[in-house]
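A short worksheet on the structure shown next.
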Amino acid sequence: MRNILIVAGGVVAVAAIAAGVYFGARAPSSPPPVAAVSAPNKAALESVQAGDHVLGDPKAPITVIEYASLTCSHCAHFHTQILPEIKKKWIDTGKVKLVYRDFPLDQIAAKAAQIAECAGNDKYFGVVDIIFRGQPQWATAADPLAELAKPLRIAGMGENEIKACLANDAMSNAVIKDYQGGEAMGVNSTPTLFINGQLYRGSRSVDELDGVFSKLAK
């Protein structure tokens, strides 16, 4: 698991991400990143924020906030193997809502996250699912974004739409905002979950989450 090097802030950072500069791979021995802007309010970030992507009933009493990277294999495992069971038992029954936020581990993950943002609210989680399920193929390809574009055609995102998306500062800013919020929350690896404010690092099994949700639901 890796962290991210922040090399710019403010308006400059918004433009930089489209060029692949804002997010970059860090060597393990590098110093921790330092944000060049004021940190978001941690307490506020424990609840649903404007612009958040929410899976389930927004009024569900249990809130799971997930920080994930689209190139993280542990995140892919959670979304493809764990989340479907949690969704069936807890989210679809109105007991739990999942708030998904991006915490890209590298610039490819940042660009993939930006593409998902461009899908729109109605298609967002469907596109994230496509990205995670195809991760073993596209993330290791010589041209990851070109490979990623192939399965996204089913969601109506062709080459022209993806190029326009990656040039969209508003979409890149949404990814940057998620990342900076994650920093303020103390996130330094993915996946990281906050369940009603309690921090859980790393992927969790269905049984573990069942136990946590059952206690909170009493």
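Scanning all heavy atoms of the two residues, the minimum distance from Tyr67 to Arg101 falls at OH-NH1, 2.9 Å. Nearest heavy-atom pair, Pro61 versus Gly94, reported as atom, atom and distance to 0.1 Å: CD-O, 3.6 Å. Residues Pro151 and Leu148 approach most closely at CD-O, 3.0 Å, considering heavy atoms. Of all the heavy atoms in Cys72 and Gln135, the pair that sits closest is O-NE2, 3.0 Å. For Glu66 against Phe78, the heavy-atom pair with the smallest separation is OE2-CD2, 3.6 Å. Considering every non-hydrogen atom in both Ala112 and Leu70, the closest pair reads C-CD1, 3.5 Å.
Separating the OG atom in Ser203 from the NE2 atom in His79 is a distance of 9.5 Å, to the nearest 0.5 Å. Atom-to-atom distance recorded for Leu83:CG and Lys88:NZ is 11.5 Å, nearest 0.5 angstrom. In this structure, CD on Gln180 lies 10.5 Å from CZ on Phe103, to the nearest 0.5 angstrom. Expressed to the nearest 0.5 Å, how far SG of Cys75 lies from CD1 of Ile131 amounts to 12.5 Å. We find the CD-CG distance between Glu147 and Leu152 to be 11.0 Å, quoted to the nearest 0.5 Å.
Within the 4.5 Å cutoff, no side-chain heavy atoms of Phe194 are placed close to those of Val64. Tyr100 has its side chain out of reach of Asp52: every pair of non-hydrogen atoms, C-beta onward, lies at least 4.5 Å apart. A 4.5 Å side-chain heavy-atom check between Trp138 and Thr71 finds at least one atom pair inside the cut-off. Taking 4.5 Å as the limit, some side-chain heavy atom of Asn188 sits within range of a side-chain heavy atom of Arg201. At a threshold of 4.5 Å between non-hydrogen side-chain atoms, the residues Lys87 and Leu55 count as touching. Residues Thr63 and Leu98 fail the side-chain proximity criterion, which asks for heavy atoms closer than 4.5 Å. Taking the side chain as every heavy atom from C-beta outward, Lys123 and Met157 never approach each other to under 4.5 Å. Looking only at side-chain heavy atoms (C-beta outward), Lys177 and Tyr179 stay at 4.5 Å or farther from each other.
Proximity of a side-chain donor or acceptor of Thr190 to a complementary backbone N or O of Ala68 within less than 3.5 Å is not detected. Between the Gln198 side chain and the Ile195 main chain, no donor and acceptor come within less than 3.5 Å of each other.
Comment: Glu46 does not engage Lys42 in a salt bridge, judged by the lack of any side-chain N to carboxylate O separation of less than 4.0 angstrom.
Pairs of residues two or more places apart, or lying in two chains, never qualify as disulfide bond (SG atoms under 2.5 Å apart) while including a residue from residues 180-218. Applying the disulfide bond (SG atoms under 2.5 Å apart) test to pairs two or more places apart or on separate chains, those with a residue in residues 87-138 are Cys118-Cys165.
Neither Met171 nor Val175 shares a network with the other; the hydrophobic side chains, linked directly or stepwise wherever heavy atoms of I, L, V, M, F, W or Y lie under 4.5 Å apart, form separate groups for each.
Within 6.0 Å of the CD atom in Glu208, the count of heavy atoms belonging to other residues, nucleotides or ligands exceeds 12.
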Exercise for the section: Just do the side-chain contact (heavy atoms from CB on, under 4.5 Å) check on Leu166 and Lys111 with the steps written out, would you? Expected result: CA-CA 7 Å; Leu166 293 175; Lys111 290 177 181 179; 3.9 Å; yes

Exercise for the section: Please lay out, stage by stage, how His77 and Ile82 fare under the test side-chain contact (heavy atoms from CB on, under 4.5 Å). Expected result: CA-CA 7 Å; His77 174 78; Ile82 309 300; 4.1 Å; yes

Practice task
Apply salt bridge (charged side-chain N to carboxylate O under 4.0 Å, His left out) to Glu85 and Lys89, showing your working.
Solution key: CA-CA 6 Å; Glu85 294 299 316; Lys89 184 173 181 179; over 6 Å; no

Problem - Derivation of the salt bridge (charged side-chain N to carboxylate O under 4.0 Å, His left out) call for Asp57 and Lys97 - result: CA-CA 6 Å; Asp57 185 349; Lys97 60 180 175 289; over 6 Å; no

Exercise for the section: Under the side-chain contact (heavy atoms from CB on, under 4.5 Å) rule, what do Arg153 and Glu159 come out as? Steps first, then yes or no, please. Expected result: CA-CA 8 Å; Arg153 290 170 188 155; Glu159 182 180 349; over 6 Å; no

Problem - Derivation of the side-chain contact (heavy atoms from CB on, under 4.5 Å) call for Leu45 and Ile65 - result: CA-CA 9 Å; Leu45 289 167; Ile65 298 175; over 6 Å; no

Could you tabulate the donor-acceptor pairs under 3.5 Å formed by side-chain atoms of residues 210-218, not counting sequence neighbours?
| from | atom 1 | to | atom 2 | distance (Å) |
| --- | --- | --- | --- | --- |
| Asp210 | OD1 | Trp90 | NE1 | 2.7 |
| Ser214 | OG | Asp210 | O | 2.7 |

